[in-house]
Amino acid sequence: MLKTLFLKFGRTQGAPPEKLDLTPVTVFVGPNNSGKSLILREIYQFCSSGTTNRNWNIVDRAEFLEFSTDGAKHEIESIRLQPQLGEAFQVDHIIVGKRGNRIQVREENLLNILSSPNNHPQAFAAHYLSYNTLMLDGSTRINLVNDQPAGDLQQPGHTSFQVLFRDDAKRDALRRAVEEAFGSYLVVDPTNLGRLRLRLSRVAPSDPRQERGIDSEAVTFHQAATPIEHGSDGVKAFVGIMTEIIAGDPKVILIDEPEAFLHPALAFKLGKEIASSTLGSDKRLFVSTHSPQFVMGCVQSGAPINIVRLTYRDSAATARVLPSTDLVRLMRNPLLRSTGLLSGLFYEFVVVTESDADRAFYQEVNERLLARDPNRGIPNCLFLNAQNKQTIQQLIRPLRDLGIPAAAIVDIDVIEEGGSTWVGLLNSAHVPSPMHQPLSTLRATVKDLLSKTGKNMKKDGGVNLLHGEEQESAINLFQQLAAYGVFVVQGGELESWLKHLGVPGHGPSWLIKIFEKMGENPSSPEYVVPSDGDVWSFISDIRKWLTNPDRKGIAM
């Protein structure tokens with residue numbers, strides 16, 4: 001099995017390459033085109049050949065886990081095949097293989113290969129790991145539930161169905177998982193003599209003989225159950241994956257987007273079941289996913305897992321192992337869970353706003369920029385909203401701690417509160433502590449200057465209430481915050497944007513009216529398109545910070 005993966009890049013550009021000490025489950029997350037599917041293919045190629053390729057983009061090299069002498073002997077017995085009628089083989093050789101593979105090898109040599117696979121990587125792959133590795137994509141996982149040959153009951157089972165048919169404990173474990181997911185009992189039907197097929201029954205078999213027999217009682221029982229092929233793609237995918245993990249023999253299983261065909265609740269259960277089923281085994285499961293529910297299920301299983309976030313932009317790749325303890329904290333926090341924060345794992349960038357109205361408006365502005373002027377819009381970005389400016393810091397800090405670029409948008413009255421609230425915002429943005437006091441002093445100064453105008457800083461013009469050096473001081477403060485990904489609406493608040501449209505109101509009522517004014521038909525002459533300045537430049541500035549690989553404010 002695999003012990004360690006060495007990647008070609010690290011947490012940031014120029015950082016040492018990442019080393020993955022493998023656990024039973026490794027989950028790859030990240031935005032689209034970040035390399036999640038590619039790394040599965042490279043791992044599969046390594047397991048199939050025992051060698052790496054200099055042209056690979058992600059995996060640099062890998063190390064195998066060595067078997068003890070007793071462990072190696074046990075593995076040899078698990079893959080030993082009996083000679084076929086008339087089959088000749090050499091003295092001191094045995095036949096090993098699986099899934100149609102039959103290889104003759106000298107038993108003493110195989111014992112040595114399994115005991116020291118890193119000294120014989122190609123032989124280890126050829127004589128053992130290549131046929132103990134299974135790669136599942138969308139179509140193959142559905143086909144896993146197709147009928148399989150029953151085999152010779154006098155011989156060990158060599159397919160997942162044969163193992164299930166012989167092993168009551170594994171059959172019960174799989175039946176429990178399927179019943180909890182779909183409310184039906186999975187049974188293995190042998191009544192098509194020579195073939196094994198799966199069915200879903202409304203009732204559980206009364207005993208193993210009713211399920212495994214071919215008498216009239218067994219025939220009647222199976223006849224009342226629904227063939228698995230009549231189930232949805234989601235049912236077949238779930239059952240197929242769980243069958244291979246519980247009953248199948250592969251030592252390395254690679255699954256690309258296991259959540260395909262599954263609704264969120266089922267993706268969560270699959271993640272939990274997959275991770276839980278690896279406990280106590282020496283298998284290695286590698287998964288790429290776009291589902292936060294699947295990740296949550298894996299983490300909440302309690303099984304040892306690695307979660308690795310991959311990114312790729314402008315020919316620069318990064319890989320960061322995310323601590324499971326941090327993800328557990330995110331999932332247990334009601335505020336963070338309710339905002340969908342974990343979805344940020346699957347986007348390149350995140351923007352957090354004060355309210356839902358702010359989120360909707362800035363997201364629409366960004367969509368129009370991407371449609372008309374892509375170099376100014378923020379690509380692959382998730383917009384989230386906090387409850388207020390005080391809770392923004394609770395969202396951006398955990399995202400940044402995970403290495404996810406997360407920008408904050410706040411109204412100008414963020415400067416009204418000092419003390420722990422202000423320091424908390426600076427800490428969440430990873431502003432260096434020596435800068436806290438100077439920024440706090442400048443904040444208090446700008447606040448006093450705006451207060452002396454006798455006007456409402458949010459509603460009456462923001463920094464435009466000041467002039468000369470006083471205005472320059474305020475702008476300087478906001479520029480320093482922007483350098484760390486905290487963007488202040490210098491005009492005051494959300495409703496200060498697109499003033500030329502003449503939209504009155506505040507909050508949700510303003511949002512409805514501004515969207516009406518902006519139009520919904522791109523071909524209409526009244527449709528508002530991006531221009532220079534105003535909110536369009538504001539979003540473009542946020543893009544510059546997010547896409548800058550040397551941005552400040554992200555934990556290293």
Side-chain angles (χ1 to χ4, degrees), residues 11-13 29-32 34 290 292 295 307-313 316 318-323 326-327 329-331 333 335-356 358-363 365-366 370 377-411 414 421-432 478 480-489 538-556:
R11 296 162 66 88
T12 60
Q13 291 186 44
V29 301
N32 290 331
S34 59
H290 288 91
V295 174
I307 297 178
V308 184
R309 185 171 191 266
L310 303 175
T311 68
Y312 184 80
R313 166 164 285 275
T318 67
R320 180 185 294 244
V321 179
L322 309 181
D326 289 352
L327 293 174
R329 189 178 72 251
L330 297 188
M331 291 184 293
N333 185 301
L335 172 65
L336 304 184
R337 190 170 63 243
S338 66
T339 60
L341 190 76
L342 203 60
S343 296
L345 293 174
F346 307 96
Y347 288 82
E348 198 168 357
F349 310 115
V350 177
V351 172
V352 182
T353 67
E354 291 186 19
S355 71
D356 187 56
D358 296 65
R359 179 204 56 77
F361 177 73
Y362 291 119
Q363 182 171 313
V365 168
N366 187 58
L370 290 173
I378 308 168
N380 203 354
C381 182
L382 174 67
F383 284 77
L384 296 174
N385 64 274
Q387 301 303 312
N388 48 46
K389 62 178 59 60
Q390 288 77 21
T391 54
I392 277 186
Q393 59 187 270
Q394 296 181 45
L395 272 65
I396 65 169
R397 179 158 195 161
L399 287 168
R400 294 191 185 193
D401 287 345
L402 294 174
I404 301 171
I409 298 178
V410 292
D411 292 341
V414 70
T421 300
W422 176 258
V423 172
L425 178 64
L426 299 182
N427 283 331
S428 69
H430 294 290
V431 176
F478 301 144
Q480 290 188 66
L481 292 175
Y484 287 88
V486 177
F487 293 86
V488 179
V489 180
F538 183 68
I539 293 297
S540 295
D541 288 341
I542 297 174
R543 172 202 164 99
K544 291 174 185 176
W545 180 81
L546 289 169
T547 57
N548 179 6
D550 298 320
R551 72 182 81 80
K552 299 176 182 178
I554 300 294
M556 298 298 289

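Values below: all heavy atoms of this structure, side chains included; hydrogens, waters and symmetry mates excluded.
- Here the CG-CG distance, from Leu384 to Leu341, works out to 6.5 Å after rounding to the nearest 0.5 Å.
- The line from CG of Asn32 to NE2 of His290 is 4.0 Å long, rounded to the nearest 0.5 Å.
- Residues Ala407 and Ile396 come closest through the heavy atom pair O-CG2, 4.3 Å.
- Atoms OG1 and CZ, from Thr311 and Arg11 in turn, are 11.5 Å apart once rounded to the nearest 0.5 Å.
- Residues passing the side chain to side chain contact (heavy atoms under 4.5 Å, CB included) test with Arg543 are Ile378, Pro379, Thr547, sequence neighbours excluded.
- With hydrogens and angles disregarded, no donor-acceptor distance shorter than 3.5 Å links the side chain of Arg309 to the backbone of Arg320.
- Residues in residues 339-348 take part in these salt bridge (Lys or Arg N to Asp or Glu O under 4.0 Å) pairs, two or more places apart or across chains: Arg313-Glu348.
- Under the 3.5 Å distance criterion, the side-chain polar atoms of Gln13 are left unmatched by any main-chain donor or acceptor of Pro549.
- Taking CG of Asn385 as the start and CG of Leu395 as the end, the distance is 8.5 Å to the nearest 0.5 Å.
- Nearest heavy atoms, Val308 versus Ala319: CG1-CB, 4.4 Å.
- Between Phe487 and Trp545, the angle of the ring planes goes over 60°, which puts this pair in the perpendicular group of the 30/60° scheme.
- Gly340 and Leu382 get closest at one heavy-atom pair: O-CD2, 4.4 Å.
- Between Val410 and Glu354, the closest side-chain pair of non-hydrogen atoms falls below 4.5 Å.
- Looking at heavy atoms from C-beta onward, Ser355 lies out of side-chain contact with Phe361 at the 4.5 angstrom threshold.
- Between Ala406 and Ile554, the shortest heavy-atom contact is N-CD1, 4.4 Å.
- Proximity of Val486 to Ile392: side-chain heavy atoms (C-beta onward) are nowhere separated by under 4.5 Å.
- Closest approach of Arg400 to Ala429, counting heavy atoms only: NH1-O, 3.1 Å.
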**Request:** Run the numbers on Leu345 and Leu322 for side chain to side chain contact (heavy atoms under 4.5 Å, CB included), then give the verdict.
**Result:** CA-CA 10 Å; Leu345 293 174; Leu322 309 181; 3.4 Å; yes
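- The NE2 atom of His430 sits 5.5 Å away from atom CZ of Arg397, with the distance rounded to the nearest 0.5 Å.
- Across all their heavy atoms, Val295 and Val29 have their closest contact at CG2-CG1, 3.9 Å.
- Rounded to the nearest 0.5 Å, atoms CZ (Phe346) and CG (Asn380) are 12.0 Å apart.
- Gln480 is linked by a side chain to side chain donor-acceptor pair (under 3.5 Å) to Asn476, counting only residues two or more places apart in sequence or in another chain.
- Using a 4.5 Å heavy-atom threshold, the side chains of Cys381 and Val351 count as touching.
- Note on ring orientation: taking the six-membered ring where Trp is involved, the planes of Phe538 and Tyr362 are tilted (angle from 30° to 60°).
- The backbone N or O of Arg359 sits less than 3.5 Å from a side-chain atom of Thr353, completing a donor-acceptor pair.
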